[in-house]
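Here the structure comes first, spelled out in structure tokens, and everything after it is commentary.
Sequence lines set the chain letters: A, B, ... in the order given, protein chains first and strands last, and positions in each chain run from 1.
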Amino acid sequence: MNGHGHAHAHGFWRRYVFSTDHKVIARQFLWAGLLFLLLGGFLAMLIRWQWAYPETLNRLLNPQTYTKIFTLHGLVMIFFAVTPILIGAVGNFVIPLSIGARDMAFPFLNLLSFWTFAVSQLLVLASFLVTLGTAGSGWTTYPPLSTNVGAPGAGQTLIVAAIFITGIATLMGAINYITTVMRHRAPGMTWFRLPATVWGLWLTSILNLLFVPVLGAAAMLLLLDRMLGTQFFIAGAAAVKGGGDPLLYQHLFWIFGHPEVYILILPAWGVVTDLVAFFSRKPAFWYRGSIGAMIAVTVMSGVVYGHHMYASGLNPMLGKGFMLLTLIISVPAEVLFVNWLLTLWGGRARLTAPMLYTLGVMLVFAMGGLTGLLLATIGTDIYLHDTMFVVGHFHLTMAAASFLASFAALTFWFPKMFGRQMHEGLGRAHAVLTTILMILVFTGQLVAGYAGQPRRYFNPYEHEFLQHLRGLNKATSHTAFLLAGVQLLFIINFIRSLGWGQPAKPNPWQVGTLEWTCAPSPPPEHNFDTIPQVVRGPHQLSDPDVRRRLGRDYIGQAEPDPMLGSSMRVRAL
Amino acid sequence: MLGLPFLIAVAVVLVLRHSSRSRTLLALVAGATTLLAPALAVAQPAAAPAMGPPNSTLPPTVTGKGWWLPPDGSLDGWRTDQLITGTTWFVLVVFAVVVLWIVVAVLMGRRKSPAAPYPFHRPGVVVVAVCVVIIAAEDAALFVRSLTSLQKFSWGFAAADADPAAVRIQINAHQWVWEARYAGADGQFNTPDDIVVLNHLRVPAGARILFQLASTDVIHGFSLPNFRVKQDAVPGMINWLTFTTRHTGDYAIACQQHCGVGHYKMKGVLSVLPPDDYVAWVKRASALARRAYDPGDKPAHWGWSWERPRPGEARMGEGRRP
């Protein structure tokens, strides 16, 4: 009915393409992200193929294209797949609905954010078509390799420009998210009644606002070096004249780059904090402690970046400081994790698809977070630095954990987004298999790292000390191919549910947050007919009074207190 | 790999037991994906044309054994190995506890009675506090042990530089070669008797080795996995690297920082020789170098006067190339 009414209000273009509705923009980010996820996944498979069968030499895989494949795999996954899905789609969809707002604070800025992002994606695609191909200097784009000294051609320039432009899109989104959460919460929705997902997205947006401009500065200086002949990052005597400093870029990049890994994990942490409570049918253990831990990590994330540069020639004095700070950040992260475990303990775990994804996030993040200890400590990092150990570590944290959390969020909010249920069985199978296979693949990389295999080698077996790793790498590659195959389950489930899924139940997960208790699925363009009056937190589950009065184990965040009825007066007497 | 299809079949059955209609579809998909791996193995192309042994003049290096750290050729490598082994055990134990906790909590949650609705309880606070103490203690141990190890090992530049018997080598890394310079008989760098070698470095056993690293094009990573050390060679600055050799043997030098298309082929060998053999080699090579010296060949004179560390400070970088 509502859809019909709005069809008269807006034409096709205003409704589906240049819409300012946060729910439409969320779906646009979702499609854009999923398409690039396929591209990034395909590139990952090429890399894994190369490490299993390095003798392959053809037009698709040779030393030249290989550098471009791993470079674009990293960039596409980080900036153009995880970011749009976890922050662009989930953030846009969930924030206004869970805080009781009619839309984002700046709907037109939201529209601009998506279309700016789309332009940056087009630049990435265009970079494949130019002479000499796309960028090949690694996703970190270290100069001088990424300047004309090491990477001539328009491809690298287009990629750096794409990073700059996607940064603008991220910045517009961040301003919008921060303002919306701060200014558009429904009456009664205090900070500590916000779902943890909203907290995670809000903290992520603050990090984006503070640190994406630093990346923008680095990208702009690099563009000047490439296009106008400046020498900010070019130095060296013989072959390369120049008075700049390559390490300046590394500082700028990692001032952004380390917060970036928290940018990708904070929304995931928020989703896990909520979903563990929802599906354990139990309030989140020490909710305020979890939020405090997330705030502590956010604050500290800007002062630990030096651990990426332990082998770069950083002064040991600075190294000591960064080592101390990096080790300390493990304490709040660990408090958050133990809170999840305690929420699970004594709960009544419902192993739905979103819950299985959530447990998957906990497992891969446990492995990923713990292996971080070996990289925070200089004494162990010097050996493991730039080996496959690092690759395994950051894939467990910001790839496996972020993607599993994205799947958890998509499965959880799919009925709200599209008005249809996803298939539970397919979702469960996908969650279990993806978790197991991800742990196997990335642990295989950790093991290769212990043996000393460097990252980004076209053919590791050129070196005698790595030749015995061929069997290990082959097994890891086959597991990775399997992991890719298992993603078919999600694709089938997604397409099948979009077209033929059961109509969404009003509150399929039986939780109390505003989007499930105060709005239909899918919600009308204005989200709520009346703005809800919030009276309690997001995880009030298994309350004995509610159970007795209402016969269910959850109560809506805006639902009047059942004890305020006649019995309350009786009790007061 | 053989266990995987089985694992997957079990998981699929466990997960899907409630839904009969899609079981066939899912079995097909799971079957197809498990078949993918062997199919890819079959699709392995016939051995590609050999690219030729790239550095055929280099001796073969010490090979790795098993899926653990490669053989240790350094006097202080055990410090790193001990720290890595200890921390790895910590990681494995904590991970096992987490898995166990999740499994037990989920199994216990199958009861029909409602969950306890408390957001906060004393036993939980104790668990959080204990975990904070454990992780803080691990952090403190790693910090302290790392610093003591580093001072004695890879950050001991001042001590190494004060050692008159230390072997000093300058590295000029470029795409895709390790070019090394020894001071030669006169002990001075950038003089006619300097020994310059490509990719094959020689050092004596049981001696402190001190490298100064620079690059003339892009950043390279000078890595000696058997000695547990690595350091970037960055254009425009001089970085330091030190360790002490122990056994004789030929050890790998690998590039650890992506430096372009030939990154994976940027391969060198560090030959640790008996001290007498080393002295004899220096004498011979230095004499040859003096004879072959060409004062007009400017690009060959890339060496710099040896940088000194500031007193009492382990210093890296900052020094500009002349």
Side-chain angles (χ1 to χ4, degrees), chain A residues 53 55 57 63-64 138 144-145 150 235-240 246 281-283 285-286 311-313 316 327 330 334 338 341-342 344-349 366 370 373-374 377-380 383 386 425 428-429 432 447 451-452 454 456-459 463-465 468 475 478 481-482 485 542-543, chain B residues 1 11-12 15-16 19 22 29 33 36-37 40 44 48 60-61 63-64 67 70 80 83-84 87 91 94-95 98 101 105-106 109 114-117 119-120 124 128 131 135 139 142-143 146 149 155 216-218 225 228 230 232 234-236 239 252 254 256 258 260-261 264 314 316-317 321:
Chain A
Y53 307 107
E55 287 78 16
L57 260 185
Q64 184 80 48
L145 186 64
V240 188
R281 312 311 294 171
K282 195 168 163 275
F285 180 82
W286 198 22
S312 68
L327 286 167
S330 68
E334 179 266 355
V338 174
L341 291 179
L342 285 164
L344 206 58
W345 193 264
R348 296 292 173 267
L370 285 164
L373 286 172
L374 287 138
T377 309
I378 303 179
T380 49
Y383 173 73
D386 277 322
R428 288 180 198 183
V432 171
V447 174
R456 297 168 168 176
Y457 268 21
F458 175 74
N459 182 357
H463 291 257
E464 286 93 342
F465 77 105
H468 67 297
H478 287 186
F481 299 146
L482 212 59
S542 294
D543 186 321
Chain B
M1 273 312 284
V12 167
V15 164
L16 272 192
S19 160
S22 57
V29 173
T33 50
L36 198 66
L40 286 171
Q44 179 182 11
T61 55
T63 52
W67 291 352
T80 302
L83 213 50
I84 288 180
T87 317
V91 169
V94 175
F95 185 69
V98 167
W101 181 291
V106 167
F120 206 72
V128 173
C131 292
I135 198 88
D139 285 350
L142 283 175
F143 184 71
S146 187
S149 149
W155 282 355
T216 36
D217 40 40
V218 302
R228 312 295 188 249
K230 62 171 65 92
D232 284 357
V234 183
N239 280 342
Q256 205 79 26
H258 175 45
V261 176
Y264 70 107
M316 298 193 279
R321 301 266 321 272

If you tally heavy-atom pairs under 4.5 Å against chain B, which of A/Ser312, A/Ser330, A/Ala366, A/Gly347 wins?
->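 It is A/Ser312.
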Segment of A/Gln64 engaging chain B (4.5 angstrom heavy-atom cut-off) =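 Contact with chain B: backbone and side chain both.
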Can B/Thr63 and A/Glu464 be counted as having a side-chain donor-acceptor contact under 3.5 angstrom?
->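 Distance-only check fails for B/Thr63 and A/Glu464.
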Flag side-chain contact, heavy atom, 4.5 Å: [X] against [Y]:
X: A/Pro63; Y: B/Tyr264; value: yes
X: A/Leu342; Y: A/Trp286; value: no
X: B/Phe143; Y: A/Thr377; value: no

Using atom types as modelled and distance alone, determine if a side-chain donor or acceptor of A/Lys282 lies under 3.5 Å from a backbone N or O of A/Trp345.
->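 Pair found, side chain donor or acceptor close to backbone of A/Trp345.
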Specify which of [options] makes the most heavy-atom pairs with chain A at under 4.5 Å.
options: B/Val234, B/Thr80, B/Thr87, B/Thr61; result: B/Thr61
options: B/Ala116, B/Ser149, B/Gly124; result: B/Gly124
options: B/Ser146, B/Ala115, B/Pro225, B/Pro60; result: B/Ala115

Per-residue contact mode, B/Val91 against chain A (heavy atom under 4.5 angstrom) |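 Both backbone and side chain.
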